[in-house]
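Both backbone and side-chain heavy atoms feed into the values below; hydrogens, waters and symmetry mates do not. Chain naming here is simple, since letters A, B, ... match the order of the sequence lines and numbering starts at 1 in each.
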There are 2 protein chains.
Amino acid sequence: MDTQVMAETADQKDPDKVEEWLCPMPDIAQIIGGKWKLIILQILIFGGTRRFNELRRMIDGVTQTMLTNQLRALERDGLVSRKVYAEVPPRVEYTATQRALDLQEMFQAMHDWWVKGEQDSAG
Amino acid sequence: MDTQVMAETADQKDPDKVEEWLCPMPDIAQIIGGKWKLIILQILIFGGTRRFNELRRMIDGVTQTMLTNQLRALERDGLVSRKVYAEVPPRVEYTATQRALDLQEMFQAMHDWWVKGEQDSAG
DNA sequence: GTATATAGTATCAAAAATGATACCATTGGA
DNA sequence: TCCAATGGTATCATTTTTGATACTATATAC
């Protein structure tokens, strides 16, 4: 579609067939929604593998219950892998999967959006 | 940092200074989190201006209460503008602001991620 | 005169998400 | 011997989010 309808909006998609270009936001929200998931992912994706208590210390305000809970959900959805070492005291490492690494662009876009917002309101 | 540490993770940022490259996810979640916000934004950003009941019909399962609620929040956060026409029956139009249009890249990245996931699991 | 469409608000109920607390196993060190 | 550290789980309480319901106003069509 190369006609310039709707110049003010995003681009040239047919405005009457929303469902064709919409991806299922409820499904996405299910996966990356949750109070701590985005920050966990950000840390693992950009910072690399971390241990459980390491994450706990990095994430301000998270409780052990919730950290476990969110990590389990991320694991179920294939975004995080969990490796248990047979040591005492226990050592458990969490790593972003390839599927999570594929979220880099989204995080980058979020980041740029956020920074732009700060610049726009400052300048 | 130009040494190739952590080849498996995203890139070359210093893993010990997470807060330097992290953008505040709680703040972002505050703005675009919520059961219906992403889908509302997607419609307004890529589909253009819509009336209240038009949105209601497009968004499966949303109640009037929640649609109002989410639109008000988006308006407060500067992502949506609301225009009331002095007509009877009332006409109210909602439009994505520039700040919302700036989210296009994020939506695109989400979309690509989703599609890639479907391809990876199919192929 | 009555129903219809629009775009709401107010109130309360229900459900979902989150948090607090107590508990567990193990081993090394003081 | 007792405490600390790790990475949990189970249970219950609280908070937050979401939903249902009833109500509003007004012009037009029937």
Side-chain angles (χ1 to χ4, degrees), chain A residues 24-44 47-77 79-96, chain B residues 24-44 47-77 79-96:
Chain A
M25 283 304 160
D27 297 13
I28 290 188
Q30 189 69 29
I31 294 171
I32 62 174
K35 192 165 177 183
W36 310 102
K37 285 185 191 172
L38 284 178
I39 194 169
I40 292 170
L41 285 171
Q42 213 177 18
I43 291 172
L44 297 181
T49 297
R50 301 279 170 175
R51 298 180 60 169
F52 182 83
N53 275 349
E54 210 173 349
L55 286 171
R56 186 142 75 111
R57 282 187 290 264
M58 291 174 83
I59 302 174
D60 197 57
V62 75
T63 62
Q64 185 171 45
T65 311
M66 281 309 295
L67 186 52
T68 300
N69 170 316
Q70 303 279 284
L71 284 167
R72 290 287 178 283
L74 289 170
E75 202 191 351
R76 272 196 303 277
D77 290 325
L79 296 181
V80 161
S81 71
R82 178 169 178 269
K83 183 166 185 186
V84 184
Y85 292 83
E87 300 177 3
V88 169
R91 179 156 64 109
V92 179
E93 285 183 353
Y94 292 92
T95 306
Chain B
M25 283 304 160
D27 297 14
I28 290 189
Q30 190 68 31
I31 294 171
I32 61 174
K35 191 162 176 184
W36 309 101
K37 284 185 192 172
L38 284 179
I39 195 168
I40 293 170
L41 287 171
Q42 212 178 18
I43 291 172
L44 298 180
T49 297
R50 301 280 169 173
R51 299 180 60 169
F52 183 83
N53 274 350
E54 209 172 352
L55 286 172
R56 186 142 75 109
R57 282 187 290 263
M58 290 174 82
I59 302 173
D60 196 57
V62 75
T63 62
Q64 186 171 45
T65 311
M66 280 309 294
L67 185 53
T68 300
N69 169 315
Q70 303 280 283
L71 283 167
R72 291 285 178 283
L74 289 170
E75 202 190 352
R76 273 196 302 279
D77 290 325
L79 296 181
V80 160
S81 71
R82 179 168 176 270
K83 183 165 185 187
V84 184
Y85 292 83
E87 300 177 2
V88 169
R91 180 155 63 110
V92 181
E93 285 182 353
Y94 292 92
T95 306

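Screening residues 80-91 of chain B for salt bridge (charged side-chain N to carboxylate O under 4.0 Å, His left out) gives Glu87(B)-Arg91(B), Arg91(B)-Glu93(B) as the qualifying pairs, with residues at least two apart or on separate chains. Among residue pairs with one or both ends in residues 52-69 of chain A, those qualifying as salt bridge (charged side-chain N to carboxylate O under 4.0 Å, His left out) are Arg50(A)-Glu54(A); sequence neighbours excluded.
Residues forming a side chain to side chain donor-acceptor pair (under 3.5 Å) with Asp77(B) (at least two apart in sequence, or on another chain): none. Under the side chain to side chain contact (heavy atoms under 4.5 Å, CB included) criterion, Pro26(A) pairs with no residue at all, not counting sequence neighbours. For the side chain to side chain donor-acceptor pair (under 3.5 Å) test, residues two or more places apart in sequence or in another chain that qualify with Thr95(A) are Thr49(A).
Going from atom CD1 of Ile32(B) over to atom CG of Leu79(B) covers 8.5 Å, rounded to the nearest 0.5 Å. Expressed to the nearest 0.5 Å, how far CG of Leu38(B) lies from CD1 of Ile43(B) amounts to 11.5 Å. Of the inter-residue distances, the one linking Met25(A) atom CE with Gln42(B) atom CD reads 3.5 Å to the nearest 0.5 angstrom.
From the 5' end on, the contacts that DNA chain C makes with chain A at under 4.0 Å to a non-hydrogen atom open and close at dT18(C) to dT27(C). Along DNA chain D, the stretch of nucleotides lying under 4.0 Å from any heavy atom of chain A spans, 5' to 3', dA5(D) to dA10(D).
Arg82(B) comes within 4.0 angstrom of sugar-phosphate atoms only, judged by non-hydrogen atoms across all strands, and of no base. At the heavy-atom level, Arg56(A) lies nowhere under 4.0 Å from the strands shown.
With contacts defined as side-chain heavy-atom distances shorter than 4.5 Å, the pair Leu55(A)/Val62(A) does not qualify.
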Give the table of side-chain donor-acceptor pairs shorter than 3.5 Å for residues 67-76 of chain B, with sequence neighbours excluded, one pair per line with atom names and distance.
from, atom 1, to, atom 2, distance (Å)
Thr68(B), OG1, Gln64(B), O, 3.0
Gln70(B), OE1, Trp36(B), N, 3.3
Gln70(B), OE1, Lys37(B), N, 3.4
Arg72(B), NH1, Tyr94(B), OH, 3.4

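Of the residues in residues 62-71 of chain B, those with a non-hydrogen atom less than 4.0 angstrom from any atom of DNA chain C are Gln64(B), Thr65(B), Thr68(B). DNA chain C is contacted by no residue of residues 26-41 of chain B, taking any non-hydrogen atom closer than 4.0 Å. Using a 4.0 Å cut-off on heavy atoms, the residues of residues 84-92 of chain A that approach DNA chain D are Pro89(A), Pro90(A), Arg91(A), Val92(A), listed by number.
With a 3.5 Å limit on both pairing distances and Watson-Crick or G-U wobble geometry required, the stems of 3 or more pairs in DNA chain C span C:1-30 with D:1-30.
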